[in-house]
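To start, the structure itself, in structure tokens.
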Protein chains: 2
Amino acid sequence: MEEPERLKKQKELIEYIGRQNEREGFQPVPARIMGLLLVMDKEEYTFEEIVEEMQISKSSVSTALKNLEIRGIIEYVTYPGDRKRYFRAISGEIDTFINEVETKMIKNLATINQIIELKKDPNSRSAMFLKSIMTGMDFFIRKLDELKTEYKKDR
Amino acid sequence: MEEPERLKKQKELIEYIGRQNEREGFQPVPARIMGLLLVMDKEEYTFEEIVEEMQISKSSVSTALKNLEIRGIIEYVTYPGDRKRYFRAISGEIDTFINEVETKMIKNLATINQIIELKKDPNSRSAMFLKSIMTGMDFFIRKLDELKTEYKKDR
DNA sequence: AAGTTGGTTCTGTGAATTCCGAACTAAAAA
DNA sequence: TTTTTAGTTCGGAATTCACAGAACCAACTT
């Protein structure tokens with residue numbers, strides 16, 4: 001692929017990832033900065049470079065980076081004798097993702113349990129149905145744990 | 001538990017589920033209507049009943065219900081000789097949930113693949129790292145499929 | 001044919017969000 | 001000590017969004 005063509009496609013991909021991240025609850029600016037850090041060839045971006053590259057105000061970049069750092073999905077390093085911060089995407093391993101799914105499910109499980117406990121008739125169609133969901137989730141969560149250990153063992 | 005006490009707790013739970021759903025990208029109104037349909041003892045709600053119960057305008061309820069239906073998480077039934085629609089939460093089985101997780105992962109996988117393909121150096125630290133993520137996701141997705149069939153067999 | 005029921009669709013608005021510029025700060029350089 | 005660098009924080013402007021109200025529509029009733 002021609003060099004300018006590749007660059008153009010990278011930019012488009014950043015925009016796409018940006019929109020995708022927005023759907024995950026990111027604000028537009030952090031969403032696209034994430035894209036930048038993932039897509040481009042440069043492994044580390046300074047604050048100033050992000051401002052330049054994305055044409056976003058310093059203040060927005062500042063809050064966005066703080067935001068992303070708090071979420072634990074980017075980090076920065078500094079080099080001796082250089083006051084700049086070098087930002088990069090954090091290497092989120094697969095079990096981070098699994099853990100997220102798991103945590104969410106456990107929380108949902110608790111909520112469903114609450115719902116059932118507050119039903120007048122615990123044998124009603126909806127209560128029974130919710131119980132079956134719980135069984136399924138339980139099964140799933142147990143399996144997720146097995147899965148994590150299995151994956152770790154493999155490497 | 002005393003009857004009014006139970007009702008109060010149900011209302012609180014609806015509000016909690018509402019906030020939870022908002023975090024999943026729902027708007028406030030659909031988020032709480034979902035809660036209503038899940039928590040209360042009444043198995044089916046008419047449009048009018050939802051308006052009454054939640055004190056929300058007809059227009060908002062109308063769009064919210066359409067919204068939820070398009071998402072495929074509620075449905076309505078009608079009864080002969082009755083023009084009203086009776087809404088209820090759809091019995092989303094556990095594999096619906098798994099499928100959602102799976103679909104999302106597959107989409108992410110495709111995006112990551114795009115990123116790698118657009119890298120100048122496919123052996124760079126970040127490209128290698130993305131590849132390892134892909135391996136993990138691949139493993140996970142395959143296992144999810146096994147898991148679904150295993151679960152179905154059990155019942 | 002006129003009215004009622006059970007909603008839907010279409011703006012308008014208040015509130016929330018997002019972003020920017022300007023003022024500020026802390027550390028390093030001159 | 002002043003200036004420059006590398007950002008942060010604050011207040012407001014602009015944009016976006018969710019919701020309500022009103023007008024509307026289609027089917028049924030009287």
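Quick note on labels: first sequence line is chain A, next is B, and so on, each numbered from 1.
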Q: Decide whether B/K119 and B/S124 meet the rule of one side-chain donor and one side-chain acceptor closer than 3.5 Å.
A: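 Not at all, the side chains of B/K119 and B/S124 share no donor-acceptor pair under 3.5 Å.
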Spacing between [X] atom [atom1] and [N] atom [atom2], to the nearest angstrom:
| X | N | atom1 | atom2 | answer |
| --- | --- | --- | --- | --- |
| B/D82 | D/dA27 | CG | C1' | 13 Å |
| B/K66 | D/dA18 | NZ | P | 15 Å |
| A/I50 | D/dT8 | CD1 | P | 11 Å |
| B/Q55 | D/dA18 | CD | C1' | 18 Å |
| A/N67 | C/dT17 | CG | P | 13 Å |
| B/I33 | D/dC19 | CD1 | P | 9 Å |
| B/L65 | D/dC19 | CG | C1' | 15 Å |
| B/F87 | C/dG7 | CZ | C1' | 9 Å |

So, [X] side chain and [Y] main chain: donor-acceptor pair closer than 3.5 Å or not?
| X | Y | answer |
| --- | --- | --- |
| A/E5 | A/E2 | no |
| B/T63 | B/S59 | yes |
| A/N113 | A/L109 | no |

Q) Mapping B/S57 and A/T46 onto DNA chain D by nearest heavy atom, which one lands closer to the 5' end? A)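 Between the two, 5'-proximity favours A/T46.
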Q: Give me the ring orientation class for B/F139 and A/Y151: parallel if the planes are under 30° apart, tilted from 30 to 60°, perpendicular past 60°.
A: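 It falls in the tilted class, 30° to 60°.
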**Q.** Under 4.0 angstrom between A/S62 side-chain N/O and D/dT8 OP1 or OP2
**A.**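 So the side chain of A/S62 is within the cut-off, an N or O lying under 4.0 Å from OP1 or OP2 of D/dT8.
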Q: With the side chain of B/F47 defined as its heavy atoms from C-beta on, choose the nearest nucleotide among D/dA6, C/dG7, C/dC20.
A: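 For B/F47, the side-chain atoms sit closest to C/dG7.
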**Q.** Which nucleotide in C/dT5, C/dA27, C/dG7 has an atom nearest any side-chain atom of B/R85
**A.**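 From the listed options, C/dG7 comes nearest.
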Q | For DNA chain D, the residues among residues 16-32 of chain B that have a non-hydrogen atom under 4.0 Å from it | A |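 Heavy-atom contacts with DNA chain D come from B/Q27, B/P28, B/V29.
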Q. Strictly under 6.0 Å, is that where the ring centroids of B/Y45 and B/Y86 end up?
A.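 When the ring centroids of B/Y45 and B/Y86 are compared, they turn out to be at least 6.0 Å apart.
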Q. Side chain of A/K58, base of D/dG7: donor and acceptor closer than 3.5 Å?
A.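 Indeed, a donor on one side and an acceptor on the other fall under 3.5 Å apart.
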Q | N/O donor-acceptor pair, side chain B/S59 with base D/dG21, under 3.5 angstrom | A |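 Indeed there is one.
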Q: Report yes or no: is the cationic atom of A/R32 (NZ for Lys, CZ for Arg) closer than 6.0 Å to the six-membered ring centre of A/F26, at no more than 45° off its axis?
A: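 No, a cation-pi geometry is absent between A/R32 and A/F26.
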